[in-house]
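Computation of the quantities below employed the complete heavy-atom set of this structure, encompassing side-chain atoms and omitting hydrogens, waters and symmetry-equivalent molecules.
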Amino acid sequence: MRRTIALLGLPLLVAAGCAPAGSGPSAGAPSGESPDHRWEAFYQRAAEVAETWRPGPGWRTGYVPLQEATLLVGDPGFGPGTEAAFRMGWYRDQIAMPTAKPGDGTIRFPDGTLRVPLVSAAQAYAQLDQGDPPACAGRPKEPGRTGGTGRPKDGGPTIEPGPDGAVSSPADPGACIPLTVTAVRLGTAPVRTSRGVADVPAWLFTVRELRAPVARLAVAPGAVTAVPEGVAPTRPAPDGVVGTQGLTAPADGARLNYRLGVGACDTGITPLVLERDDVVVVGGGVTRSPGVCTNELKLEPVTVTLKVPLGARPVLDVLTGAPLLVDGP
């Protein structure tokens, strides 16, 4: 499971260009507003990105997930320690993971269905678990009552008996501990795809420390169509126009939440969007510091409101032209 944690100190390579600002008439404006001529370079570049977006046939006929394969189904009730464990992929299993592959599953899109092969719970867990946390004060040596093998002394179900089987027992928020998997069952999870939000087969892992299951999508890799690469304009990015580092949550109606990659000394951070009937292009504008500044990248969360709900429209980055994935919890 990949989790992105943004910190100062990363090279500022993607966030900003150093070329002179582009020229030309305004190509659009934030939803419901008049064009802001300070950002004409953004709108001109965004229009180029929108016009060159030409995904392959799999975009409308296959399964192209636009968010990570590990996600939450419901409110987890995170504390500082459990959120860190989820983002880093720290887990320990207290059950024997089923190794048998289930039969084919069905993805249900707004415009139809698709039958796909699935992976076993053991394969899904192997993708979910990214190792152990570092040792630190407060971390317990054992996950509770065990028989010395890491399994519960008194056993416990391997397959989740039903949707109400989750157990909530908050961990010490200051302890560097993994999340404890106590059961698993095959279900579905809502996933943003190139064809809109779909119900996708997923292994749902009951986690002792969380109120909601952790889902790992169960679709076999061979049935997943890769996200197409974006086509960036050939001109260098205009100075003061910054790119997007991913959506922080699935679109909530007409509201988009995303992260801008800005310089450590940039000011006047402004989210910008070009909205069309078939595509949305996002990015931002900043004012550069005239003095000397460290060469660092900072991720700035921002929100924009579209004229109409996003629906199945792709969200593209203004710098790279690439479709943006949901990388939030």
How about Val280 and Val282: do any of their side-chain heavy atoms sit closer than 4.5 Å? yes
Under a 3.5 Å threshold, yes or no: a donor from one side chain and an acceptor from the other, between Thr305 and Arg255? no
Is there side-chain contact between Leu179 and Trp90, with heavy atoms separated by less than 4.5 Å? no
Same cluster or not: Val197 versus Val200, using hydrophobic residues (I, L, V, M, F, W, Y) connected whenever any side-chain heavy atoms lie under 4.5 Å apart? no
Worked check of side-chain contact (heavy atoms from CB on, under 4.5 Å) between Met97 and Val181: CA-CA 10 Å; Met97 291 293 169; Val181 175; 3.7 Å; yes
Shortest non-hydrogen contact between Arg192 and Gln67, atoms and distance: N-OE1, 2.8 Å
Arg313 CZ to Leu306 CG distance, which is reported to the nearest 0.5 Å: 5.5 Å
Mind running side-chain contact (heavy atoms from CB on, under 4.5 Å) on Arg259 and Lys298 for me, showing each step along the way? CA-CA 9 Å; Arg259 296 186 183 98; Lys298 181 176 69 172; over 6 Å; no
So CD of Glu209 and CD1 of Ile177: to nearest 0.5 Å the spacing works out to 5.0 Å
Please check if the side chain of Thr61 supplies one atom and the backbone of Pro57 the other of a donor-acceptor pair under 3.5 Å. yes
Using the side chain to side chain contact (heavy atoms under 4.5 Å, CB included) rule, pick out the option among Val302, Thr303, Val304 that qualifies with Leu256. Val304
Which heavy-atom pair separates Pro323 from Gly230 by the least distance, and what is that distance? CD-N, 4.3 Å
Could you check whether atom CG of Asp277 has more than 12 heavy atoms from other residues, nucleotides or ligands sitting under 6.0 Å from it? no
How many angstroms lie between CG in Asp199 and OG1 in Thr106, if you round to the nearest 0.5 Å? 11.0 Å
Given the rule in the side-chain contact (heavy atoms from CB on, under 4.5 Å) test, do Gln127 and Arg216 qualify, once you have shown the distances and angles that lead to the verdict? CA-CA 8 Å; Gln127 298 166 339; Arg216 179 74 192 186; 3.4 Å; yes
Please evaluate residues Asp104 and Arg115 with respect to the criterion salt bridge (Lys or Arg N to Asp or Glu O under 4.0 Å), reporting the C-alpha separation (whole Å), side-chain torsions for both, the decisive distance (0.1 Å), and the verdict. CA-CA 6 Å; Asp104 288 354; Arg115 294 287 287 176; 5.1 Å; no
May I ask you to test the Thr206-Val184 pair for a side-chain heavy-atom distance under 4.5 Å? no
I'd like to check Ile107 versus Thr113 (side-chain heavy atoms, cut-off strictly below 4.5 Å). Are they in contact? no
Report the distance from atom OH of Tyr125 to atom CH2 of Trp203, rounding to the nearest 0.5 Å. 15.0 Å
What pairs of residues pass the side-chain hydrogen bond (donor to acceptor under 3.5 Å, both in side chains) test when at least one of them lies in residues 50-60, not counting sequence neighbours? none
Residue pairs passing the disulfide bond (SG atoms under 2.5 Å apart) test with at least one member in residues 259-300, sequence neighbours excluded, are Cys265-Cys293
Non-hydrogen atoms of Ala215 and Val73 that approach each other most closely: CB-CG2, 3.7 Å
Is the shortest side-chain heavy-atom distance between Leu186 and Leu204 below 4.5 Å? no
Donor-acceptor check, side chain of Gln123 to backbone of Ser120, threshold 3.5 angstrom: yes or no? yes
Audit row: Asn257, Thr248, side-chain hydrogen bond (donor to acceptor under 3.5 Å, both in side chains) steps and yes/no: CA-CA 6 Å; Asn257 300 291; Thr248 57; 5.0 Å; no
Nearest heavy-atom contact between Pro314 and Asp278 is CD-O, 3.3 Å
Report the distance from atom OH of Tyr63 to atom CZ of Arg195, rounding to the nearest 0.5 Å. 11.5 Å
Could you tell me whether the side chains of Thr294 and Glu296 share a donor-acceptor contact shorter than 3.5 Å? yes
Assigning hydrophobic clusters by single linkage (Ile, Leu, Val, Met, Phe, Trp, Tyr; side-chain heavy-atom cutoff under 4.5 Å), is Val231 placed with Leu319? no
Point-to-point distance, once rounded to the nearest 0.5 Å, from CD of Glu275 to CG of Leu310: 8.5 Å
For Thr244 versus Gly283, what's the shortest heavy-atom pair and its separation? OG1-CA, 3.5 Å
So do the side chains of Asp266 and Thr287 get within less than 4.5 Å of each other, counting heavy atoms only? no
Quick one, Val224 and Pro65 - any side-chain contact, counting heavy atoms below 4.5 Å? yes
Side-chain touch Val119/Pro221, heavy atoms, less than 4.5 angstrom: yes
Apply the test side-chain contact (heavy atoms from CB on, under 4.5 Å) to residues Thr182 and Phe205: give CA-CA distance (whole Å), side-chain angles for both, the deciding distance (0.1 Å), then the verdict. CA-CA 7 Å; Thr182 59; Phe205 295 92; over 6 Å; no
Looking at every heavy atom in both Pro238 and Arg45, which two are closest together, and how far apart are they? CD-CD, 3.8 Å
Joint hydrophobic cluster, Leu66 plus Leu316, side-chain heavy atoms closer than 4.5 Å: yes
